[in-house]
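A short write-up of the structure that comes next.
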Amino acid sequence: MGVVVRNLYNVNGRWKYRKVIPVSLRPHVAGNLVEFVRWLGSGNQNSAEITARYSAAAKECEGLLEMAKKRSLGSYDELSTNVIAHIIGTERSNLLWEDDEDRFDQEADILFEHVRQQVAASGGIVNEDPDRRWNNRQETLEAYLANLRHDYARGTVDVFHTGELMDVCASHGLFVDTQSLGFRRLGKAYLGMLIEVSEARLQRQIGAIVPTPEPPTAATVEQLVSDGLTLRELAEKKLAMKKKSEATTQATETALRLFESIYGTRAMATITRREVADWIFLLQKKPASPDKEHRLLGLREMVAAYETRNDVQRLTGKSVNGHVSHLSSIWAWARQRGFVERSLDNPFSEQRVDERPPEADEGFTAGQLQALFNLPVFTKGERPKGGRGEASFWLPLLLLTYGTRPEEMCQLLVSDITYDEEEALWLLRITDEGLHPVKGPRHIKADGNALVRRSLPITQNLIDLGFIDYVDQLRRAGEMALFPLLTTKGKLRYLHSSFAAWWGKYAREHKAIPESGNKPLRGFRDTWTTAASRSGLTEEEREWIQGHYIGKRKTSNRKYGTRDFGKKVEQIKFKGFDLSQLIARNG
């Protein structure tokens, strides 16, 4: 036996489709199956028959696993008006087609006669009526129709039809909430359809020609849904599935709002390249910071209001491309997941505008750094209220040492500081895993990507200053957060926001940095990049340490494990100032 293609095996000349069901999904599959198996028969692997059976088995397995995922997450499908109409139309066509087939099925008549002869031969009493099958059908239909009318008149969907309807939904790949309004509406429509079908079958009983209606145009519910899904609906699905950060969610919402202010809520398949190009043209004219009274205007109205204002800065090319990129990623994801036909062109792709290269920012000068670390929080042990305790001392040092994003340091947990016995190193873990006691879920750039989670050695300089002693004190006190006094601010619930506001004001009040021109907290990141480059670290090493996610085919660092470049932080030298005057206040 050997694997020929994915999930296809040859066992003693017979082909078998086999796929192991993930452990987490098994309780949500009927029978708690361990694996999905379908025998495909014998023959050449590339024959049309085997290929067709393989495709059918793969599709069946995919549907089963998708349903199991929905059940595991409690993710119910929405029964919209269009979806209900599709289900009812499909079932009406199927039931009347089956009735037609059964009515003219000679094999069924032959079997019925054969059974009657056997009963007669064994001495049993038989009904000689040649219309026995017709009469049985008539009696069954009349009784069934009476029950349906009884339930419909009272607005009741009984247990039998509820179960039947759940099976119907499952056959369409839908996981439904039987307590929802949509399901109740479906139940009403289903009872009505069964009454109509039963009446049509009774008409056929008296010889009336009742044609079987054609099934709905869309072959599947998925096709129906994809045809009508809007850009916003797909955005919500993507963000929910990928569990993006609040910042990404808000940026996507902004792009959607700007697009919808021009074109309204649009189905994906109806958006054209020309419309996107016209939208981008308006974006380039949008003021970067409109006046307060204009912020709720639609994009076209806002552009018109500022058309003659030459004193207003417009959106940069980078900002415009950011809006386009968010909507393009929705389209790409929808097509990848089958919500949009692959044959459809992504109207947001290849629509980038020119960007002005950013001005070089080397961060703080050596003199500014010296002034910053001569501040009283570092040299006199002061702990102003706005500095949130020991965060005022350690956060700037950590940001200077590693060049990370401020939030990555602010959300650190005590458990992120560990000792590696094999390497004989204290390590600091940058990750989105675990819950912060104040913030809740943590986030890093490219959440969930193991390549961006990284462990960095704690430098000897930090150890000499007493960083490990500080961490040990927190552990003994039962604290979870590395900086327990930090609080969140704003819709994004950032921990660094309040601290950054205090730090900027504190540094400027003490004349350590100018009133404008520097980024008081994030400036450490630019400073680190400059120092790391001048200390000989390659771009790849710098990118890895700072947590920049590099895409496929752009660099080999996707293949490296954690800490491959971490030790490089000890090589970074910040020339022109020293930290010998620092006084930590541990204990």
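A donor-acceptor pair under 3.5 Å is formed between the side chain of R525 and the backbone N or O of G403. No donor-acceptor distance shorter than 3.5 angstrom exists from the side chain of T488 to the backbone of R493, with no hydrogens or angles considered.
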Can I get a per-line list of side-chain donor-acceptor pairs under 3.5 Å for residues 371-378, giving both atom names and the distance, sequence neighbours left out?
| residue | atom | partner | partner atom | Å |
| --- | --- | --- | --- | --- |
| N374 | OD1 | Q370 | NE2 | 3.4 |
| N374 | OD1 | Q581 | NE2 | 2.8 |
| N374 | ND2 | Q370 | O | 3.2 |

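Of the inter-residue distances, the one linking T431 atom OG1 with L412 atom CG reads 10.0 Å to the nearest 0.5 angstrom. To the nearest 0.5 Å, atom CZ of residue R314 and atom CG of residue L283 are 12.5 Å apart. For the atom pair NE2 of H326 and CG of N321, the computed distance is 11.0 Å after rounding to the nearest 0.5 Å. Between the CD atom in E233 and the CD1 atom in I330 there is a gap of 12.0 Å [rounded to 0.5 Å]. The distance from the CG atom of L465 to the CG atom of L397 is 6.5 Å, given to the nearest 0.5 Å.
Shown here are the side chain to side chain donor-acceptor pair (under 3.5 Å) partners of R309, two or more places apart in sequence or in another chain: D311. For S319, the side chain to side chain donor-acceptor pair (under 3.5 Å) partners two or more places apart in sequence, or in a different chain, are T316. Partners of R522 according to the salt bridge (Lys or Arg N to Asp or Glu O under 4.0 Å) rule, which considers only residues two or more places apart in sequence or in another chain, do not exist here. The side chain to side chain donor-acceptor pair (under 3.5 Å) check on T254 picks up nothing, with sequence neighbours excluded. Scanning for side chain to side chain contact (heavy atoms under 4.5 Å, CB included) contacts around A531 gives I572, F574, with sequence neighbours left out. Among residues two or more places apart in sequence or in another chain, the side chain to side chain contact (heavy atoms under 4.5 Å, CB included) test is passed with N346 by S328, W331, R335, F348, S349. Applying the salt bridge (Lys or Arg N to Asp or Glu O under 4.0 Å) test to D354 and every residue at least two apart in sequence or in another chain returns nothing. For Y263, the side chain to side chain contact (heavy atoms under 4.5 Å, CB included) test picks out F259, R266, E275, D278, W279, with sequence neighbours left out.
Using a 3.5 Å distance cut-off with no hydrogens or angles, the side chains of E540 and T538 do not pair a donor with an acceptor. There is no side-chain donor-acceptor pair under 3.5 Å between S498 and R388.
In this structure, V303 and R300 have side chains that are not in contact, with every pair of non-hydrogen atoms separated by 4.5 Å or more. At least one side-chain heavy atom of M409 sits under 4.5 Å from a side-chain heavy atom of I430. Contact check for F281 versus V353: no side-chain heavy atoms found under the 4.5 Å cut-off. With a 4.5 Å cut-off on side-chain heavy atoms, Y402 and I458 count as touching. Contact check for T418 versus R429: no side-chain heavy atoms found under the 4.5 Å cut-off.
Residue pairs that meet the salt bridge (charged side-chain N to carboxylate O under 4.0 Å, His left out) test with at least one member in residues 367-383, sequence neighbours left out, are R383-E390. Listed by first then second residue, pairs satisfying salt bridge (charged side-chain N to carboxylate O under 4.0 Å, His left out) with a partner in residues 407-416 read R405-E408, E407-K439, E408-R454, D416-R442, not counting sequence neighbours. Contacts classified as side chain to side chain donor-acceptor pair (under 3.5 Å) and involving residues 456-465 (residues at least two apart or in different chains) are given here: Q460-D464.
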Could you walk me through whether T487 and L495 satisfy the side-chain contact (heavy atoms from CB on, under 4.5 Å) test, starting with their C-alpha distance in whole Å, then the side-chain angles of each, then the deciding distance to 0.1 Å, before giving a yes or no? CA-CA 6 Å; T487 56; L495 290 163; 5.7 Å; no
Apply side-chain contact (heavy atoms from CB on, under 4.5 Å) to residues F467 and L482 and explain how you reach the verdict. CA-CA 11 Å; F467 182 67; L482 194 63; 4.0 Å; yes
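When each of E539, Q546, R534, E543 is paired with T529, the side chain to side chain contact (heavy atoms under 4.5 Å, CB included) condition holds for Q546 and for no other.
The local environment of CD in E307 is sparse, with at most 12 non-hydrogen atoms from other residues, nucleotides or ligands closer than 6.0 Å.
Across all non-hydrogen atoms, the minimal contact from E541 to G536 is OE1-O, 4.4 Å.
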